[in-house]
Amino acid sequence: MKTVLVTGGTGFIGSHTVISLIENDFDVIIADNLINSKKEVINRLHTITGKQIKFYNVDCCDKEALSLVFKENDIDSIIHFAGLKAVGESVSKPLEYYSNNINSMLTVLELMREFNVKKLVFSSSATVYGQSEDVPFTEQSPLGMCTNPYGWTKWMIEQILKDVAHADPSLSIVLLRYFNPVGAHESGLIGEDPQGIPNNLFPYISKVAVGTLECLTVFGDDYDTPDGTCLRDYIHVCDLAEGHVKALNYIDTHKSGVEVFNLGTGKGTSVKEAIAAFEKACGHSINHVFGPRRAGDLPVCYASTDKAREVLGFEAKRDINDMCSSCWNWQQKNPNGLSD
């Protein structure tokens, strides 16, 4: 059984990926400093999988602490999720984002070299495509032109990984560019649990639906789209998790170097359509108002998923209704999120 180190494994995408890895017979170790998550996630993962998962409460920027994880385990591969991820916060705290996100990746790479670990999947983002309006985005679309420090950290880390792989041809690295992960595990035991007021659409809708927040503001209804609201490529987090398993399987059977894949559904859903689907899932209306456009928002953003389908054999199976019903199931069972 191959051992995968999942950094940031108690976070939203990381925790769902841990489940998929265990379901596909990987042995999993989690390293997380719990800055954006709660330790209760470990208990929930045990309930779902029936496995006791080895957990290290470490900061991935702390080389000495993280080296212990490598010393105590025979690590075959790494999925690196650990990092700060709030777009708005990155604008107000750029130093923290550049320092944390880039240093954590450098620390992992140094330890990979020291302990002879050759396989890495990196959690990247569609934010690396910046403000281009040439949709759908393919893996060859122009990069850069990022609109916030968070996006630039992803762009910079991608470049670091390409340079490192060029210098060491024995490395095999996959960069996964996500679009908009939403939804929750079917059990309702884990889901998106943001700290404070949510920045993203679906956790905000969920909290309005359950009564924790009063009203959703939709930023702009005068875009050049079919209903005037922005179109985004929402992908169910469980589909996304399965994409990481396929990326690891790809690394095992293909040449070294760096490969890049978009993970999305390949189509856009408007904000109005998302609200309507959530209203169907929860059985009542969602209180919302329309406000002015938000700076930096693209009218349309969705993925070309041809490469992931043809090379990885990956295709999203769950639709917007599945995303909304699983979100609602999670939110109803955990109206105030997870306790510490």
Side-chain angles (χ1 to χ4, degrees), residues 7-16 30 32-44 57 59-61 81-101 104 123 125 127 147-154 178-185 188-220 230 232 234 237 240 271 274-275 278 282 286-289 291-297 323-324 326-340:
T7 68
T10 58
F12 174 45
I13 304 170
S15 59
H16 287 81
I30 294 175
D32 201 309
N33 65 0
L34 303 175
I35 193 171
N36 278 322
S37 57
K38 310 236 173 74
K39 194 173 181 183
E40 171 61 18
V41 171
I42 299 294
N43 298 328
R44 302 287 180 100
N57 186 348
D59 186 330
C60 289
C61 294
F81 292 105
L84 300 175
K85 62 171 189 172
V87 168
E89 184 183 60
S90 77
V91 175
S92 61
K93 296 181 176 180
L95 282 178
E96 286 84 350
Y97 271 70
Y98 286 116
S99 175
N100 182 86
N101 291 5
S104 63
S123 164
S125 165
T127 55
T147 59
N148 54 75
Y150 165 75
W152 280 116
T153 66
K154 294 295 189 182
Y178 315 153
F179 279 68
N180 295 78
V182 298
H185 190 261
L189 289 173
I190 60 168
E192 192 165 8
D193 187 20
Q195 313 265 344
I197 303 297
N199 291 299
N200 297 328
L201 177 64
F202 270 79
Y204 207 108
I205 291 178
S206 299
K207 289 190 176 294
V208 173
V210 83
T212 309
L213 292 173
E214 187 176 335
C215 183
L216 168 72
T217 298
V218 178
F219 298 108
C230 292
R232 294 290 180 267
Y234 299 105
V237 67
L240 190 61
V271 177
I275 293 170
F278 210 103
C282 70
I286 305 291
N287 189 23
H288 63 281
V289 296
R293 294 184 182 190
R294 185 171 54 184
D297 277 351
M323 299 175 210
C324 291
S326 64
C327 260
W328 179 236
N329 182 41
W330 149 257
Q331 194 66 67
Q332 278 187 300
K333 290 178 177 177
N334 306 271
N336 300 307
L338 297 180
S339 62
D340 281 318

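Positions are given from 1, in the same order as the sequence printed here. Side-chain atoms are counted along with the backbone in the values below, which use heavy atoms only and exclude waters and symmetry mates.
By the side-chain contact (heavy atoms from CB on, under 4.5 Å) test, Pro194 is found to be paired with Glu192, Pro198, Pro203, residues two or more places apart in sequence or in another chain being considered. Residues that satisfy the side chain to side chain donor-acceptor pair (under 3.5 Å) test with Gln332, not counting sequence neighbours, are Trp328. Under the ring-ring contact (aromatic ring centres under 6.0 Å, His included) criterion, Phe202 pairs with Tyr234, not counting sequence neighbours. Taking Pro335 as the reference, Val210 meet the side-chain contact (heavy atoms from CB on, under 4.5 Å) condition, with sequence neighbours excluded. Legend: residues meeting side chain to side chain donor-acceptor pair (under 3.5 Å) with Asn287, ordered by chain and number and at least two apart, are absent. Take Ile35 and apply the side-chain contact (heavy atoms from CB on, under 4.5 Å) test, not counting sequence neighbours, and it matches Asn33, Leu84. For Phe179, the ring-ring contact (aromatic ring centres under 6.0 Å, His included) test picks out no residue, with sequence neighbours left out. Considering only residues two or more places apart in sequence or on other chains, Asn180 meets the side chain to side chain donor-acceptor pair (under 3.5 Å) condition with none of them. Taking the side chain to side chain donor-acceptor pair (under 3.5 Å) definition, one finds that Ser104 meets it with nothing, sequence neighbours left out. Residues that satisfy the side-chain contact (heavy atoms from CB on, under 4.5 Å) test with Asp193, not counting sequence neighbours, are Lys38, Trp330, Leu338.
Under the side chain to side chain donor-acceptor pair (under 3.5 Å) criterion, no residue pair touches residues 199-209, with sequence neighbours excluded. Residues in residues 85-94 take part in these salt bridge (charged side-chain N to carboxylate O under 4.0 Å, His left out) pairs, two or more places apart or across chains: Glu89-Lys93.
Rounded to the nearest 0.5 Å, atoms CG (Asn101) and CH2 (Trp152) are 15.0 Å apart.
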Go through it in stages, so that I can follow the logic: the residues are Leu34 and Asn57, the test is side chain to side chain contact (heavy atoms under 4.5 Å, CB included), and I'd like the CA-CA distance, side-chain angles, deciding distance and then a yes or no. CA-CA 7 Å; Leu34 303 175; Asn57 186 348; 3.8 Å; yes
Mind running side chain to side chain donor-acceptor pair (under 3.5 Å) on Tyr178 and Ser123 for me, showing each step along the way? CA-CA 8 Å; Tyr178 315 153; Ser123 164; 3.1 Å; yes
Candidate pair Ile275 and His288, rule side chain to side chain contact (heavy atoms under 4.5 Å, CB included), full reasoning: CA-CA 9 Å; Ile275 293 170; His288 63 281; 4.0 Å; yes
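Between Tyr150 and Tyr97, the angle of the ring planes goes over 60°, which puts this pair in the perpendicular group of the 30/60° scheme.
The environment of Lys333 atom NZ is dense: over 12 non-hydrogen atoms of other residues, nucleotides or ligands sit within 6.0 angstrom.
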